[in-house]
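Written below as structure tokens is the structure these notes are about.
Numbered from 1 within each chain, the chains take letters A, B, ... in sequence-line order. Basis for what follows: all heavy atoms, side chains included, without hydrogens, waters or symmetry-related copies. Model, not experiment: these values are computed from the prediction.
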Amino acid sequence: MPELPEVEHVVRALRRVVMGRTIVAAEVKLPKLTSPDSPSKFVRQVRGSTIIGVSRRGKFILIELERTAASPQSGRKRSRKFDGVKNFVLVVHLRMTGKFLYLSPDDDLPKHAHAIFYLHNDKRLVFRDQRKFGVMKLVSISRLKSTKGISELAPEPFEDGFNLAYLQATLSRSQRTLKTLLLDQTKVLGLGNIYAAEALFRARISPFAIAARLSAKRSARLHTAIQDVLKFAVAHIRGSISLAEGFSYGAAFETFWQVYDREGEPCGRCGTRIRRITHGGRSTYWCPRCQRR
DNA sequence: ACCCTCACCTGCACGC
DNA sequence: TGCGTGCAGGTGAGGG
């Protein structure tokens, strides 16, 4: 259930092994995965393409594909709809349980393998997703930035656009609570339920504080905390995950969660018991003493 | 524009 | 052992 650091990790891992590989065949076993495109249309479009880039926008994975001249239907004239659309991007969102696996020919296909990309080197890139929330779609490069879901995203947290002025302006326009706002990918990009909680704890601000009422000092603390939490997680994940397990993540870094999933445990800073409430079906964890409104 | 609830799914941990 | 309940790191739709 990845947030930005986990997605970043998957991107780096993918880049190491699939760059330059040609997709010789593909299978989609779950039609809704590629909706509204049918699996057959999706497969037709990726077959014969070569992976020339792997990157990320927020929590979306972007796999850049180049249509190579020698497509499987090379005997026939290339269909008109590909004219002028040479490169396109496979946009993937892992949602809660999506994972990529890189399998050898003798590896068994695991349960919940909804898409399989057969690569030129006999390996298979498998998309596995037990809860079936993940989505995949093909977008031409020229239309990527204007694609619904991508175009609305807030600036990348480590790029210039996400500066203190941006955050303060964004906060000042919202009457929502910080916890809710931090989960809104069109306002602040990359946090999920865990890192939102952790960032607020680091900044020593209540999750229930109203965004527009945050002082300049506190919003500066929040800005730093968001970047620090994400940076720390990216560094940590990199060191702790082995490729042998596929592109999984998350094994053991509950250890650095300071509030998430720690209901009833003493706060590491003041010893007060960490509290948890749920609203809208999502848990919020915080230290009632360190994080006052 | 916002808020809330539900929906999408499967699996796991828990209490009885 | 089984069964019911609640919960899971994400997002979108639909109603108010």
Any salt bridge (charged side-chain N to carboxylate O under 4.0 Å, His left out) involving residues 119-128 of chain A? Give me the pairs, sequence neighbours left out, ordered by first then second residue. none

Which dot-bracket string describes DNA chain B (Watson-Crick N1-N3 plus N6-O4 or O6-N4, or G-U N1-O2 and O6-N3, all under 3.5 Å; [ ] crossing; | other strand)? .|||||||.|||||||

Answer whether the closest heavy-atom distance between the side chains of A:Lys59 and A:His93 falls below 4.5 Å. yes

With sequence neighbours excluded, tell me which residues meet side chain to side chain contact (heavy atoms under 4.5 Å, CB included) with A:Val91. A:Phe60, A:Leu62, A:Val89, A:Lys137, A:Val139, A:Leu144, A:Ile150

Residue pair A:Glu3/A:Gly149 against DNA chain C: nearer the 5' end by closest nucleotide is A:Glu3

Closest approach to the side chain of A:Lys148, judged atom by atom: which nucleotide of C:dA13, B:dT10, C:dG9 is it? C:dA13

Quick one: which of A:Asp107, A:Leu14, A:Leu119 gives a side chain to side chain contact (heavy atoms under 4.5 Å, CB included) with A:Tyr102? A:Leu119

Would you verify whether the NZ or CZ of A:Arg202 falls within 45 degrees of the ring axis of A:Phe232 while also being under 6.0 Å from that six-membered ring's centre? yes

Would one find a side-chain N or O of A:Arg282 under 4.0 angstrom from OP1 or OP2 of C:dG9? yes

Atom pairs, N/O to N/O, protein against nucleotides 7-9 of chain B, distance under 3.5 Å?
residue, atom, partner, partner atom, Å
B:dC9, O4', A:Arg131, O, 3.4
B:dC9, O2, A:Arg131, NE, 2.8
B:dC9, N3, A:Arg131, NH2, 3.3

I need the [atom1]-[atom2] distance between [X] and [N], as an integer number of Å.
X: A:Leu230; N: C:dG9; atom1: CG; atom2: P; result: 16 Å
X: A:His9; N: C:dG9; atom1: NE2; atom2: P; result: 20 Å
X: A:Leu183; N: C:dG9; atom1: CG; atom2: C1'; result: 10 Å

Using a strict 4.0 Å threshold on nitrogen-to-oxygen distance, state whether A:Glu156 and A:Arg57 make a salt bridge. yes

Which ILVMFWY residues can you reach from A:Phe208 by hopping between side chains whose heavy atoms are under 4.5 Å apart? A:Ile277, A:Trp286

All pairs passing ring-ring contact (aromatic ring centres under 6.0 Å, His included) where residues 15-39 of chain A contributes a residue, at least two apart: none

